Protein chains: 2
Amino acid sequence: MILVVQLTQSLQRRKSLYEQTYEALREGILAGKLLPGDRLIETQIAQQLQVSRTPIREALRQLQQEDLVVADGSGWLRVATVSATEAVQLYNCRIALETLSVTEACAQASPAQLEQLVQCVTQAEALAERSPDAALSQQLLALDYRFHHLIAESTGNGCLVSLLEQVFNKMMLLRLQTTRHNPGVLEVRQEHQEIYQAIAQREVKTAVAAVTSHLKASKSRVVKELTQLKS
Amino acid sequence: MILVVQLTQSLQRRKSLYEQTYEALREGILAGKLLPGDRLIETQIAQQLQVSRTPIREALRQLQQEDLVVADGSGWLRVATVSATEAVQLYNCRIALETLSVTEACAQASPAQLEQLVQCVTQAEALAERSPDAALSQQLLALDYRFHHLIAESTGNGCLVSLLEQVFNKMMLLRLQTTRHNPGVLEVRQEHQEIYQAIAQREVKTAVAAVTSHLKASKSRVVKELTQLKS
DNA sequence: CGCTTGTATACCGCATACAATGTAGAAGCT
DNA sequence: AGCTTCTACATTGTATGCGGTATACAAGCG
């Protein structure tokens, strides 16, 4: 368990140490520096980040509530793992929420927000031109989430955004356990394009259909891989 | 701001003070002892609950992440308020999630879980016989949430359960701002009955339709009341 | 040889002390 | 009076210490 993060010591006192610790840990988990199943020990983290245990405790509690960190049988905190069945459940929730998301987006999205969506899509397009490597696929993955996140935000429904964030968190955890190299980025860009078009033209049914099939495709890819891994 | 809760001092050390504090505060908020907008001051709470600030800080962080407590402009923590537009958004999310909930319940619910559902419905039925007062309507409200919660749990989808809990939390906050006496409990029991029947008979479409109309009815009642209050 | 028991240690829960920061109220100036 | 400035205080942020508890490993006993 190695966190090579240097917290901003003196400059920019805006963010509390608690917040910085939280972000460092979260980042560490989602970026794969802390692997699912790893134990998280307050004293160790305190030593590595050079802060006292108090802000760390708060950060851990928060991560625990987000289900990125779980207490195992004897109460030790560990980085959460996602099983195959949980993956399916996660996707089902995501589909339910994103169906609402695109529906409301069709009704609510402002021109500026649509513009952001386009940029997100074209950025991915541009990135995909480059020769594929691990870092690139990380970036594409980030853009993928950003795309879905932008749609959610364009609804103006804060509740929806925070619920989806919850789901995305565990989703990224899931990715860590499957492929480091996102498999379907090529098709994905095409599908994002379709989703965007439907939203821009306010065609609710088309948008819902597009996002549903997009997610179902992703779901079946992940599930397939997970079950293969097990055997 | 008065919390008259005596934490179990010596017996049952199973629950940490942090957890007890969390529950005390949560209970205080949801039961209306702490009103939306009230400031939450660490030192005051510490004095009232006779614990140090450390566990309180952790509890507050957790409540903050659940959106039951929010930081206002100058960083003070306050009990969250729910606006009329948030109420609508909340209901929309709830409908999306509960649609999934009954769908999966139709497929997954075990006989034992269906039995629990029946008991929940009949309990409400029995309670409704008694002469109505404030305490009774509180109990009926609790049974209402329990009913929906049981459905979610019967899906076996833990992710869904925790997302819905999130929504229910704020929902109860919303109720505090509208009526103390739940308006539609009479119709509600009828609708619950229908939902249960549909799930028991594994009729997905009927169940979805029933739960959707149930929630939409509730939504329009709440929205109506909120807009009336404003004028 | 296995089971219990003892002991050292690692870790956590909570309390407390101190530092930093922001807010309110009073005093002083115009 | 109205405005500014300064001080005192209230509150939160962070560090640390102490005590309890569980765990692991070793020694003693059956």
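Because only heavy atoms are used, hydrogens play no part in the values below, and waters and symmetry mates are left out as well, while side chains stay in. Chain A is the first sequence line, chain B the second, and so forth, proteins listed ahead of strands; every chain is numbered from 1. Bear in mind that the values here come from a model prediction, so they are computed numbers and not experimental data.
Residue B:Thr43 places its side chain closer to D:dT11 than to any other of D:dT14, D:dT11, C:dA15. Out of C:dA15, D:dT12, D:dT16, the shortest distance to the side chain of A:Arg53 is found at D:dT16. Of the listed nucleotides (D:dT14, C:dC14, D:dT12), D:dT12 has the atom at the smallest distance from the side chain of B:Trp76. The listed nucleotides are C:dA15, D:dG13, D:dT11; the one nearest the side chain of B:Val51 is C:dA15. Comparing atom distances between the A:Leu17 side chain and each of D:dT12, D:dT11, D:dA15 picks out D:dA15 as nearest. Comparing C:dG13, C:dC11, D:dT14 against the side chain of A:Glu42 picks out C:dG13 as the nearest. Out of D:dT14, D:dT11, C:dC11, the shortest distance to the side chain of B:Gln44 is found at D:dT11.
The 5' end of DNA chain C is approached more closely, in terms of each residue's nearest nucleotide, by A:Leu77 than by the other of A:Thr54 and A:Leu77.
B:Glu42 pairs by the side chain to side chain donor-acceptor pair (under 3.5 Å) definition with B:Arg53, B:Arg57, not counting sequence neighbours. Looking at residues two or more places apart in sequence or on another chain, you find a ring pair (Phe, Tyr, Trp, His ring centres under 6.0 Å) between A:Phe147 and A:His192. Residues satisfying the ring pair (Phe, Tyr, Trp, His ring centres under 6.0 Å) criterion with B:Phe168, sequence neighbours excluded, are B:Tyr145. For B:Glu23, the salt bridge (Lys or Arg N to Asp or Glu O under 4.0 Å) partners are B:Lys15, not counting sequence neighbours.
Computed from coordinates, the B:Glu19 CD to C:dC12 C1' distance equals 15 Å when rounded to whole Å. Distance CD1 (A:Ile41) to C1' (C:dC12): 11 Å, rounded to an integer number of Å. Atom CD1 of B:Ile45 is separated from atom C1' of D:dA10 by 15 Å (rounded to the nearest Å). Whole-Å rounding puts the A:Tyr18 OH to D:dA15 P distance at 15 Å. For the pair A:Asp72 CG and D:dT23 C1', the interatomic distance rounds to 13 Å; values are reported in whole Å. Protein atom CD of B:Glu58 is 16 Å distant from nucleotide atom P of D:dT12, rounded to whole Å. Between the CZ atom of B:Arg39 and the C1' atom of D:dA10 there is a distance of 9 Å, given to the nearest Å. Here D:dG13 presents its C1' atom at 15 Å from CD1 of B:Ile56, a figure rounded to the nearest Å.
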Using residues 155-165 of chain B as the side-chain source, report each donor-acceptor pair under 3.5 Å to any protein atom, sequence neighbours left out, with the distance given to one decimal.
{"from": "B:Thr155", "atom 1": "OG1", "to": "B:Ala152", "atom 2": "O", "distance (Å)": "2.5"}
{"from": "B:Thr155", "atom 1": "OG1", "to": "B:Asn157", "atom 2": "N", "distance (Å)": "3.0"}
{"from": "B:Asn157", "atom 1": "OD1", "to": "B:Cys159", "atom 2": "N", "distance (Å)": "3.2"}
{"from": "B:Asn157", "atom 1": "OD1", "to": "B:Leu160", "atom 2": "N", "distance (Å)": "3.0"}
{"from": "B:Asn157", "atom 1": "ND2", "to": "B:Glu104", "atom 2": "OE1", "distance (Å)": "3.2"}
{"from": "B:Ser162", "atom 1": "OG", "to": "B:Cys159", "atom 2": "O", "distance (Å)": "3.2"}
{"from": "B:Glu165", "atom 1": "OE2", "to": "B:His149", "atom 2": "NE2", "distance (Å)": "2.9"}

- Item | Derivation and outcome, side-chain hydrogen bond (donor to acceptor under 3.5 Å, both in side chains), residues B:Tyr22 and A:Gln65 | CA-CA 12 Å; B:Tyr22 168 74; A:Gln65 215 224 313; 5.5 Å; no
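Side-chain atoms of A:Ile195 and A:Glu98, non-hydrogen and from C-beta on, never get closer than 4.5 Å to each other.
Side-chain N/O atoms of B:Arg57 include none lying less than 4.0 angstrom from OP1 or OP2 on D:dT12. Side-chain N/O atoms of A:Ser52 include one lying less than 4.0 angstrom from OP1 or OP2 on D:dA15.
Axis angle, first five pairs versus last five pairs of the helix from C:dC1-D:dG30 to C:dT30-D:dA1: 10°, rounded to 10°.
Annotation: the span from B:Arg61 atom CZ to A:Leu60 atom CG amounts to 13.0 Å, rounded to 0.5 Å.
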